[in-house]
There are 2 protein chains.
Amino acid sequence: MLPELDPLLHSQLRLAVISILIGSDEADFVFLRKATGATAGNLSVQIEKLREAGYISVEKSFRGKMPRTTCQITPEGVTAFENYVEALQNYLPK
Amino acid sequence: MLPELDPLLHSQLRLAVISILIGSDEADFVFLRKATGATAGNLSVQIEKLREAGYISVEKSFRGKMPRTTCQITPEGVTAFENYVEALQNYLPK
DNA sequence: TAAATTTGGTTCATACTATAAACTAGTTTA
DNA sequence: TAAACTAGTTTATAGTATGAACCAAATTTA
């Protein structure tokens, strides 16, 4: 029987965020927004969901006088992504 | 920028159905139900969505006296799946 | 320096999606 | 013939995704 696909990762935007964070060590809100093409509102919500789940950590700081939200994937996030990719392989052609 | 993932295919159950149909030439409702572990109601709805989209064809017949619903992937379904898989590759580690 | 615009977000209402419970229609079994 | 089973469909609800509207501060423009 086909394995479950972690619903938290099986969402286009959240998957995109995690995919980017796996590749680059960290990324800020503005970068993620441009890289994904998402609206700020949607991105804000999905980042919060990933944070709640413990898949990413979010740090708020200032770059000069402007606020900055930086995201990093956590070890749990890495594991979850690896599991997701492995499960997904079962749905894809060999 | 990351490509869009066809929302019709980016759904666990519909993806499972298409994935099975790509592999086997045709499959009936009962088989799909067991192979996916889905409830009949959910499967019925998702099959109808795939049919509406033209990704699968659905044929109703009788095996003896019992009704039988058989599904087959269409050429459009094959193309859509191929495109989906290609788009998805951009989200996965190389 | 006051007003307008931009930046970097968050909140929230709504639209969309997935899901299973309840139902239908018929068949088999006891 | 009544109970239980098969093969589904319909439908109500819960969950999810999305962008419009908002906010506060910074920057630009006039």
Side-chain angles (χ1 to χ4, degrees), chain A residues 1-20 26-53 55-72 80 84 87 91, chain B residues 1-21 26-53 55-72 80 84 91:
Chain A
M1 227 223 284
L2 290 163
E4 215 224 336
L5 298 176
D6 182 346
L8 228 110
L9 292 183
H10 197 64
S11 139
Q12 178 165 186
L13 183 47
R14 288 194 301 268
L15 186 61
V17 168
I18 288 289
S19 175
I20 289 166
E26 67 171 40
D28 64 24
F29 192 93
V30 173
F31 177 83
L32 289 173
R33 190 151 143 48
K34 282 176 185 155
T36 61
T39 59
N42 192 8
L43 182 57
S44 177
V45 170
Q46 306 311 330
I47 281 177
E48 176 56 17
K49 285 188 185 172
L50 290 170
R51 195 196 57 73
E52 266 175 49
Y55 289 1
I56 67 172
S57 64
V58 178
E59 213 185 310
K60 277 157 196 301
S61 59
F62 284 87
R63 186 172 37 178
K65 288 171 182 177
M66 299 299 276
R68 186 186 199 212
T69 299
T70 309
C71 303
Q72 256 188 275
Y84 172 77
Y91 291 78
Chain B
M1 228 221 285
L2 290 162
E4 214 223 338
L5 298 175
D6 182 345
L8 229 111
L9 293 183
H10 198 64
S11 139
Q12 176 165 185
L13 182 48
R14 287 195 300 269
L15 186 61
V17 168
I18 288 287
S19 174
I20 289 166
L21 291 178
E26 67 171 40
D28 66 22
F29 192 92
V30 174
F31 177 83
L32 289 172
R33 191 152 142 47
K34 284 177 183 152
T36 60
T39 59
N42 192 9
L43 183 57
S44 178
V45 170
Q46 306 313 327
I47 280 177
E48 176 56 17
K49 285 188 186 173
L50 290 170
R51 194 195 58 73
E52 265 176 51
Y55 289 2
I56 67 173
S57 63
V58 178
E59 212 185 311
K60 278 159 196 301
S61 60
F62 283 88
R63 186 172 37 180
K65 289 174 180 173
M66 299 299 277
R68 187 185 198 214
T69 299
T70 310
C71 303
Q72 257 186 274
Y84 172 78
Y91 290 78

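To find a chain, count down the sequence lines: A is the first, B the second, and so on, and within it residues start at 1.
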| task | Between Phe62(A) and Phe29(B), name the one whose nearest nucleotide on DNA chain D is closer to the 5' end. | result | Phe29(B)
| query | Do the charged groups of Arg51(B) and Glu48(B) touch, with an N to O distance under 4.0 Å? | reply | yes
| When the distance from NZ of Lys60(A) to P of dT7(C) is rounded to whole Å, what number comes out? | 18 Å
| remark: Here the distance between atom C1' of dG8(C) and atom CD of Glu59(A), to the nearest Å, is 17 Å
| task | Answer with base, sugar-phosphate or nothing: what part of the nucleic acid does Arg33(A) contact at a heavy-atom distance below 4.0 Å? | result | nothing
| Nearest-0.5 Å distance that lies between atom CZ in Arg63(A) and atom CZ in Arg68(A) | 4.5 Å
| Heavy atoms, side chains only, cut-off 4.5 Å: are Tyr84(A) and Leu8(A) in contact? | no
| Are Ile47(A) and Leu32(A) close enough that some pair of their side-chain heavy atoms sits under 4.5 Å apart? | yes
| message | For a quick check, with a 4.0 angstrom heavy-atom cut-off, what is the B/S/- contact string for nucleotides 14-26 of chain C, read 5' to 3'? | response | ---SSBBB-----
| remark: Those residues at least two apart in sequence (or on a different chain) that pass side-chain hydrogen bond (donor to acceptor under 3.5 Å, both in side chains) with Thr69(A) are Lys60(A)
| remark: Nearest heavy-atom contact between Leu15(A) and Leu9(A) is CB-O, 3.3 Å
| field | Rounded distance in Å - CZ (Phe31(A)) to P (dG8(C)) | value | 14 Å
| field | Euclidean distance, atom CG of residue Leu32(A) to atom P of dG8(C) [Å, nearest integer] | value | 13 Å
| said: How many whole angstroms separate atom CG of Leu43(A) from atom C1' of dT11(C)? | reply: 15 Å
| Euclidean distance, atom CZ of residue Arg51(A) to atom P of dG9(C) [Å, nearest integer] | 15 Å
